[in-house]
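Here is the structure we will look at.
Throughout, a chain's letter reflects where its sequence line sits, starting with A, and its residues are numbered from 1.
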Amino acid sequence: MSDVRWSRRRRLRPEPDEHPEARIVVAPARHESASDVTVEVVPVKSPRSDLLTRRVTAFPAQAMLLLMAVALVGAAIWLATEEESAPVVSPRVSTQVRAHVEDLLSYQPDTVLSDIPAESEFLTGDFAEEFASQFRSTTGPDSQSGGISADAVVADVGVVSADDDEVTLLMFVNVSYTTTDSAEASTRGSRLVVDARLVDGEWRITGLEPV
Amino acid sequence: MRLLAFPRWTWAVVMIASAGLVATLWAVDGGQDGRSPADEAVEVARAQVLDLTTIDTESFEAALESLRARSVAQANSKLSASAKPFAEAVQTSLIETTEGRIQSSGVVSSSEEKAVVLVASSAKVSVDNAEPVLNYYRLKVTLAKVDQEWKVSDMGFVS
């Protein structure tokens, strides 16, 4: 090998255009002395073919990374174009809850207690029991003893927050009170925050707080 | 270990996409603070109601200026007319308003260009150093989008 001159090796080096996938092998020829060498050009895998191989073998992982990149870009585009939507409540929801509130706050002396079971159907959770207790202990007896009637009308409704099965509404409610002693009604305006939940396809009140 | 053998361009794509996502999240979060356009309208409505219901002798001019700044041009003349009784009252009496608060607010309706908001507020009002009286207010505020800003186009007490 030592007899092989560098100039010769350079001369025999294949031109890249001729054999792009070749390399020079310099080795002692068989059955010859160590000083005799043969020089041959053998094809080898070019970097390009190597890349191709790597592409094939690494494809699943690369595909995973590419999918991640596409997902990230997609998420970025979605976030950029998505506009936060205002709390949307269908007219049915506000109409239903509004009607329940008007029914709950309206009463007559002769039916104020007997209406409790039917009105409790509009309610759910702890509030159902609180409402029934309040009407049995205070509102009902006061109405019966004083001949007090109440007529509630919701003047306006706004959505504080909403999702698929829960809603919080701000209601401006006017309640007109009359007694058997006086034909003249006294009207009281209130601001109520009403919580409602969708239970078995029906909106039921879970809280009702004056603010 | 195979993951480490990826071509550099693959990592570059992932890094650029990640940077894009982070930048977008920052822009969305920073720009809108996670709020909807209706939330921005509600914020303006609440500020307007608080200024209106806490007007007193000391703050009258500044409050009126703030109210005008949040209103559309067409509403300013109506606002001036509405404020006239306040102007006369604060000139003839010492009105002091304290503890102005917004209790709640809700969206009646909203679109890209218009929103209607209910606001419940309260404030203690004292006239000529008398005992302060706690007043509760119910207001409905109509807003319009003008040059990308929500402006009050109408406001009134709900009876």
Side-chain angles (χ1 to χ4, degrees), chain A residues 50-51 53-55 57-89 91 94 153-162 167-174 187-195 209-211, chain B residues 1-7 9-29 31-42 45 101-112 115-122 136-141 157-159:
Chain A
D50 189 48
L51 179 62
T53 306
R54 279 195 290 151
R55 271 182 186 163
T57 55
F59 176 75
Q62 283 189 22
M64 190 180 72
L65 270 182
L66 278 173
L67 282 175
M68 282 172 58
V70 169
L72 287 170
V73 171
I77 292 169
W78 179 75
L79 284 169
T81 55
E82 188 208 23
E83 199 160 63
E84 291 280 338
S85 58
V88 176
V89 170
S94 57
V153 175
V154 175
D156 261 309
V157 183
V159 180
V160 178
S161 64
V167 65
T168 299
L169 305 171
L170 171 63
M171 291 190 180
F172 292 163
V173 185
N174 295 328
T187 301
R188 193 176 299 168
S190 60
R191 303 99 47 91
L192 302 176
V193 170
V194 182
D195 298 313
E209 285 288 329
V211 292
Chain B
M1 292 302 290
R2 179 166 289 175
L3 284 172
L4 298 174
F6 294 145
W9 64 266
T10 310
W11 292 109
V13 168
V14 173
M15 289 179 73
I16 289 168
S18 302
L21 178 64
V22 169
T24 305
L25 283 172
W26 180 82
V28 169
D29 195 45
Q32 297 189 358
D33 200 20
R35 297 174 304 163
S36 71
D39 289 337
E40 294 167 17
V42 168
R101 288 195 178 90
I102 303 292
Q103 275 82 33
S104 185
S105 53
V107 180
V108 178
S109 62
S110 71
S111 66
E112 289 295 316
V116 180
V117 178
L118 298 184
V119 182
S121 72
S122 68
Y136 294 98
Y137 304 104
R138 311 189 304 185
L139 287 105
K140 182 188 273 189
V141 185
F157 292 92
V158 176
S159 56

Of the non-hydrogen atoms in B:Ser159 and A:Ala155, which two are nearest, and what is the gap between them?
O-CB, 4.2 Å
Cut-off 4.5 Å, heavy atoms of chain B, and the answer for A:Ser94 is neither
Report yes if some heavy atom in the side chain of A:Val211 is under 4.5 Å from a heavy atom in the side chain of B:Arg101; otherwise report no.
no
Heavy-atom distances under 4.5 Å only: say whether B:Leu139 touches chain A with side chain, backbone, both or neither.
backbone
Rounded to the nearest 0.5 Å, how far apart are CG of A:Asp156 and CG of B:Leu118?
5.0 Å
Using non-hydrogen atoms only, which part of A:Val173 is less than 4.5 Å away from chain B: side chain, backbone, both, or neither?
backbone
Of all the heavy-atom pairs spanning B:Ser104 and A:Val160, show the shortest one and how long it is.
OG-CG2, 3.8 Å
Where does B:Val117 contact chain A at under 4.5 Å (heavy atoms): side chain, backbone, both or neither?
neither
Can you tell me how far apart OG (B:Ser121) and CZ (A:Arg191) are? Round to the nearest 0.5 Å.
6.5 Å
Heavy-atom pairs under 4.5 Å with chain A: which of B:Ser122, B:Ser105, B:Ala115 has the most?
B:Ser105
Using every non-hydrogen atom in the two residues, find where B:Val119 and A:Phe172 come nearest and quote the distance to one decimal.
O-CZ, 3.5 Å
Under 4.5 Å heavy-atom distance to chain A, tell me which part of B:Ser111 shows up: side chain, backbone, both or neither.
neither
Supply the atom-to-atom distance B:Arg138 CZ to A:Leu170 CG, rounded to the nearest 0.5 angstrom.
9.5 Å
